[in-house]
2 protein chains.
Amino acid sequence: MDQNKIPQATAKRLPLYYRFLNNLNQQGKKRVSSKQLSEAVKVDSATIRRDFSYFGALGKKGYGYNVEYLLGFFRSTLDQHEVTEVALIGVGNLGTAFLNYNFLKNNNIRITMAFDADQEKVGKDIGGIPIYHIDELDEKLKDIKVAILTVPATEADTITNKLVEKGISGILNFTPARITVPENIRVHHIDLAVELQALVYFLKHYSLDS
Amino acid sequence: MDQNKIPQATAKRLPLYYRFLNNLNQQGKKRVSSKQLSEAVKVDSATIRRDFSYFGALGKKGYGYNVEYLLGFFRSTLDQHEVTEVALIGVGNLGTAFLNYNFLKNNNIRITMAFDADQEKVGKDIGGIPIYHIDELDEKLKDIKVAILTVPATEADTITNKLVEKGISGILNFTPARITVPENIRVHHIDLAVELQALVYFLKHYSLDS
DNA sequence: GAGAAGTCGTGATATTTTTCACAATTGAGT
DNA sequence: ACTCAATTGTGAAAAATATCACGACTTCTC
């Protein structure tokens, strides 16, 4: 859309900055330097300054950044002024964890409905979020553009196709399946087993250095 | 240790390749090309060939890769012949999801114990994994080198320090807190709120291209 | 066994991301 | 008002990662 020049690596760090700034603000802190931020979020201070600089000159030389100003800036950049509604598909263990997870704390993202194939679960609600049957996707999933996918891997493709048909824009996929979607739809994969295996691999092969 | 030359980006993809090769092998497939792999795991075929090439010439020109051979190679590279024991700290919603998650399917990583501060949970077990009180960390956490951290953010630092004292090598941190550890300890962060926010950001600012 | 189609491995190149390092500027202290 | 320590923003360089493109080799078909 507008700011296509912002590197992806930078974009991925924005929510992290936002959260920490929010904390600082709640603590009543007025100013912060890239060095302090760096220690808190574990990102090199030069990288932080570079990230911020894509949005213009947000700080003052010799002073640092004004917390309130920076927070306000990120709030509008990250669209925190409007609520983004998200649907969760698959109310298993992981799905349930999400429904109980309070995304709203610092964050204008809200899971507003969940779907599952299990009639036992349908009709109930978890954390105030209603659970519908997966066959009700068509009627219930109105303008929701983002879905969290926590179904069994075997169901991933079928359900993805349904979501695509319904005009979804983004999927956060916790399934081990690498789902196939049209190229205008964005999928982020979070693969828990892969993450754990990668960590173990790093420990065995890269120990004692970065 | 040995193969410090392997790029981190490559190392992170290895478990993904491994899992897919395992699937192929179970399906009785004998050969696979980088192009087929590419479609399945959504990684450019040239990148896959490059990744493999760090380990030497694993394929045959004009033919592709022998599934069984490649699988065996990755099995030893990823240390799948020996079991890696992992401890889980924090048996909340997310922690419970992990205990029920079957890491063993394609994978020699096993959660062998869990810890929590809640006396209600201590003494029980979930998915066959015993839950100890967090104060028992000292006695119970013998040679375990990897921990999954699923405690509330407020507890993250305290518990991290305990783990560090006990000689942990790696932590998979699901806490929003950016924990501080000595530099010989490796931490991977999986920050669910950040991932979701980043996805939403990409949808709003990068739509209709990469 | 000759030709065609398929595929790897990799040098070269492009792209992305991180880091260095320093001039410019600011605020605080005296 | 002056000095000094702190800090930004950024050009330039470095490092990491991804991709292109092609020679060399393999298998398949006729």
Side-chain angles (χ1 to χ4, degrees), chain A residues 3-14 16-17 21 24 29-71 73-74 183 189 198 201-202 205-206 209-210, chain B residues 3-14 16-17 21 24 29-71 73-74 183 189 198 201-202 205-206 209-210:
Chain A
Q3 294 296 71
N4 273 23
K5 313 116 192 176
I6 287 150
Q8 299 219 2
T10 296
K12 287 185 184 168
R13 285 188 289 265
L14 297 182
L16 193 58
Y17 298 147
L21 287 170
L24 282 182
K29 291 276 193 309
K30 293 298 175 201
R31 59 185 272 192
V32 65
S33 69
S34 62
K35 199 173 161 219
Q36 292 169 296
L37 265 164
S38 170
E39 280 158 21
V41 301
K42 317 288 183 200
V43 172
D44 187 90
S45 66
T47 301
I48 292 175
R49 292 199 300 282
R50 175 77 59 193
D51 282 348
F52 288 1
S53 76
Y54 293 116
F55 299 99
L58 303 176
K60 274 189 213 168
K61 297 180 179 181
Y63 174 86
Y65 301 90
N66 178 296
V67 171
E68 205 165 354
Y69 174 75
L70 201 54
L71 185 61
F73 184 83
F74 275 120
E183 65 175 18
H189 297 275
Y201 182 83
F202 277 115
H205 299 268
Y206 291 71
D209 51 17
S210 107
Chain B
Q3 293 296 71
N4 273 24
K5 314 117 194 177
I6 287 150
Q8 298 218 3
T10 296
K12 287 185 184 169
R13 285 187 290 264
L14 295 183
L16 194 58
Y17 299 147
L21 287 170
L24 282 183
K29 292 277 194 308
K30 292 298 176 201
R31 59 185 271 193
V32 65
S33 69
S34 63
K35 197 172 163 222
Q36 290 170 299
L37 264 165
S38 171
E39 280 158 22
V41 300
K42 317 289 183 198
V43 172
D44 187 273
S45 67
T47 301
I48 292 176
R49 292 199 301 280
R50 176 77 64 195
D51 283 348
F52 288 1
S53 77
Y54 293 116
F55 298 99
L58 302 177
K60 274 190 214 166
K61 297 180 179 181
Y63 174 85
Y65 301 91
N66 177 296
V67 172
E68 206 164 355
Y69 175 75
L70 202 54
L71 185 61
F73 184 83
F74 276 120
E183 64 175 20
H189 297 275
Y201 181 82
F202 277 115
H205 297 269
Y206 291 71
D209 52 17
S210 112

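Keep in mind the model is a prediction, meaning the values are calculated, not measured.
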Open item on the list: Suppose we screen for ring-ring contact (aromatic ring centres under 6.0 Å, His included). Which residues come up paired with A/F52, at least two apart in sequence or across chains?
Closed with: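 With neighbours one apart ignored, the set is A/Y17, A/Y65, A/F74.
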Side-chain contact test, heavy atoms from C-beta onward, threshold under 4.5 Å: evaluate it for [X] versus [Y] and give yes or no.
| X | Y | result |
| --- | --- | --- |
| B/R13 | B/T47 | yes |
| B/K12 | A/Y201 | no |
| B/L71 | B/L24 | no |
| A/L21 | A/F73 | no |

Task: Heavy-atom protein contacts under 4.0 Å, nucleotides 22-30 of chain C, coded B base, S sugar-phosphate only, - none - done: --BBBS---
Task: Heavy-atom donor-acceptor pair, A/Y206 side chain to B/I6 backbone, under 3.5 Å - done: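 Here the side-chain-to-backbone pair exists.
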Open item on the list: Quick one: does any side-chain atom of B/Q36 pair with a main-chain N or O of B/S33 as donor and acceptor, under 3.5 Å?
Closed with: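 Yes; at least one donor-acceptor contact below 3.5 Å.
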Open item on the list: Can you measure A/K5 atom NZ to C/dT16 atom P for me and round it to whole angstrom units?
Closed with: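 Spelled out: NZ on A/K5 to P on C/dT16 is 15 Å.
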TODO: Find the distance A/N66:CG to D/dT7:P and express it as a whole number of Å.
DONE: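 A/N66 atom CG is separated from D/dT7 atom P by 15 Å.
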Between protein and nucleic acid, restricted to nucleotides 15-18 of chain D and to nitrogen or oxygen atoms under 3.5 Å apart, what atom pairs and distances do you find?
from	atom 1	to	atom 2	distance (Å)
D/dA18	OP1	B/R13	NH1	3.4
D/dA18	OP2	B/R13	NH1	3.0
D/dA18	OP2	B/R13	NH2	2.9

Task: From A/Y54 atom OH to A/K5 atom NZ, the distance as rounded to the nearest 0.5 Å - done: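 The distance works out to 13.0 Å.
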